[in-house]
There are 2 protein chains.
Amino acid sequence: MAHSHQHDLIDLRAKLRGKDHRITKPREEILDLLGKEEHPVTAKTIHEKLSESCDLVTVYRSLKMLESMDLVKRFDFGDNTARFELICPDDNGHHHHLICKECRTVVEIDECFDSNLESRIAKKHGFAEVTHQLEFFGLCSSCQTT
Amino acid sequence: MAHSHQHDLIDLRAKLRGKDHRITKPREEILDLLGKEEHPVTAKTIHEKLSESCDLVTVYRSLKMLESMDLVKRFDFGDNTARFELICPDDNGHHHHLICKECRTVVEIDECFDSNLESRIAKKHGFAEVTHQLEFFGLCSSCQTT
DNA sequence: GAATAAATGAAAAAGGCTTGCATATAGATT
DNA sequence: AATCTATATGCAAGCCTTTTTCATTTATTC
């Protein structure tokens with residue numbers, strides 16, 4: 001899910017302006033990098049890929065901010081490490097992943113269950129603003145033979 | 001999802017016997033406690049509820065072992081802390097949760113999407129042994145007014 | 001009851017993430 | 001373009017969850 005850097009910056013400036021949030025070099029670099037990634041990446045990976053041009057702490061702080069602004073989405077692949085992906089206007093950031101338990105290969109999944117399920121669950125329990133986290137895990141074709 | 005301790009122990013003995021795994025007091029206590037819990041609990045909580053009768057490390061080790069034996073299932077509620085639940089023969093350990101983002105209330109969800117979705121995804125990408133992790137997040141009725 | 005393989009406890013460390021504080025910098029104001 | 005002020009950064013330290021190491025204890029086998 002690659003994105004145009006141009007687009008990101010427009011979004012960024014528009015979205016941040018009002019909130020007393022600044023456009024800084026680390027934030028631009030992080031967004032730029034996320035735009036080039038195919039799959040969610042960890043803060044550590046971002047830090048390394050940026051050749052440590054900014055502090056790891058700044059990566060964490062930037063990601064947290066970008067997440068709160070709905071520019072970035074957090075994923076959990078079950079290894080105690082958060083991964084982040086740029087929110088893509090196409091799917092509104094809503095898609096899932098299929099992860100190989102063995103080699104950790106990641107495949108993007110566009111399909112999802114019918115949204116009726118979610119609204120039914122929300123209604124049944126009186127919850128509002130219901131979202132979900134869904135990831136699939138299995139063995140990829142290469143790892144099945146092992 | 002309470003369970004009979006009796007049942008667990010039978011299962012436990014049967015399952016562990018073959019694998020050179022021993023039935024120890026900490027493991028019995030942990031399983032016993034999990035059988036009484038309504039929702040997934042953290043290792044720390046287990047440790048506390050057992051009045052620290054065994055070391056926290058032992059709790060972690062036991063849970064890992066029990067998980068590998070499919071007696072216990074790990075859940076992730078998005079707060080960097082693993083939670084564990086006894087696998088219930090009724091639903092084969094397969095159910096999900098609805099968690100309040102605000103107060104962290106947990107509701108068990110029995111519904112799930114059609115299993116065709118999963119098999120379709122598995123087939124499409126050549127994956128085997130595909131499972132999924134699905135949790136719902138929202139605002140419970142009490143927290144909506146806040 | 002002795003042998004032995006596995007489990008435990010205690011201390012330490014690893015790993016992800018956050019916080020406090022002094023310094024630097026973006027963006028507003030002039 | 002110089003100044004100002006609030007926000008962001010870097011660095012060090014710390015927190016929290018989880019893992020590792022290793023000596024000791026304990027469950028199971030014979």
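Letters A, B, ... mirror the listed sequences (proteins, then strands); counts begin at 1.
To the nearest angstrom, P of D/dT26 lies 15 Å from CD of B/E28. Atom C1' of nucleotide C/dT25 and atom CD of A/E29 are separated by 15 Å, given to the nearest angstrom. For A/L31 and D/dA8, the CG to P distance is 14 Å, given to the nearest whole Å. Between B/I23 atom CD1 and D/dT25 atom C1' the separation is 18 Å, expressed in whole Å. Here D/dT19 presents its P atom at 7 Å from CG of A/N80, a figure rounded to the nearest Å. The distance between atom NE2 of B/H21 and atom P of C/dA5, rounded to the nearest whole Å, is 15 Å. Put simply, CG on B/D79 is 9 Å from P on D/dT17, counting in whole angstrom units. Across the protein-nucleic acid pair, A/K25 atom NZ and C/dG27 atom P stand 13 Å apart, rounded to whole Å.
The base of D/dA8 does not come close enough to the side chain of A/R61 for any donor and acceptor atom to sit less than 3.5 Å apart. If you check distances only, the side chain of A/R27 never reaches the base of D/dA8 with a donor-acceptor pair under 3.5 Å. A/R22 contributes a side-chain N or O that forms a donor-acceptor pair with the base of D/dT7 under 3.5 Å.
Phosphate contact (OP1/OP2 of C/dC17, side-chain N/O of A/Y60, threshold under 4.0 Å): present. For D/dT9, one of the phosphate oxygens OP1 or OP2 lies less than 4.0 angstrom from a side-chain nitrogen or oxygen of A/T24.
Within the 4.0 angstrom heavy-atom criterion, only backbone atoms of the sugar-phosphate kind lie near A/K64; the bases stay farther away.
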Side chain to side chain contact (heavy atoms under 4.5 Å, CB included) evaluation trace for A/I121 with A/V130: CA-CA 9 Å; A/I121 287 170; A/V130 173; 5.5 Å; no
Does the side chain to side chain contact (heavy atoms under 4.5 Å, CB included) test come out yes or no for A/I99 and A/R104, once each step is laid out? CA-CA 6 Å; A/I99 300 128; A/R104 294 271 136 194; 4.0 Å; yes
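No side-chain donor-acceptor contact under 3.5 Å links A/K44 to the backbone of A/T81. Counting only distance, with no hydrogens or angles, the side chain of A/H97 and the backbone of A/V106 share no donor-acceptor pair below 3.5 Å.
Summarising the local packing, NZ of A/K101 is surrounded by more than 12 heavy atoms from other residues, nucleotides or ligands at distances under 6.0 Å.
Taking a 4.0 Å limit (strictly below) on heavy-atom distances, residues 44-58 of chain B reaches DNA chain D at B/K44, B/L56, B/V57.
Inter-residue side-chain proximity for B/L66 and B/F84 is flagged as unmet; no heavy-atom pair is nearer than 4.5 Å. At a threshold of 4.5 Å between non-hydrogen side-chain atoms, the residues B/R120 and B/L117 count as touching.
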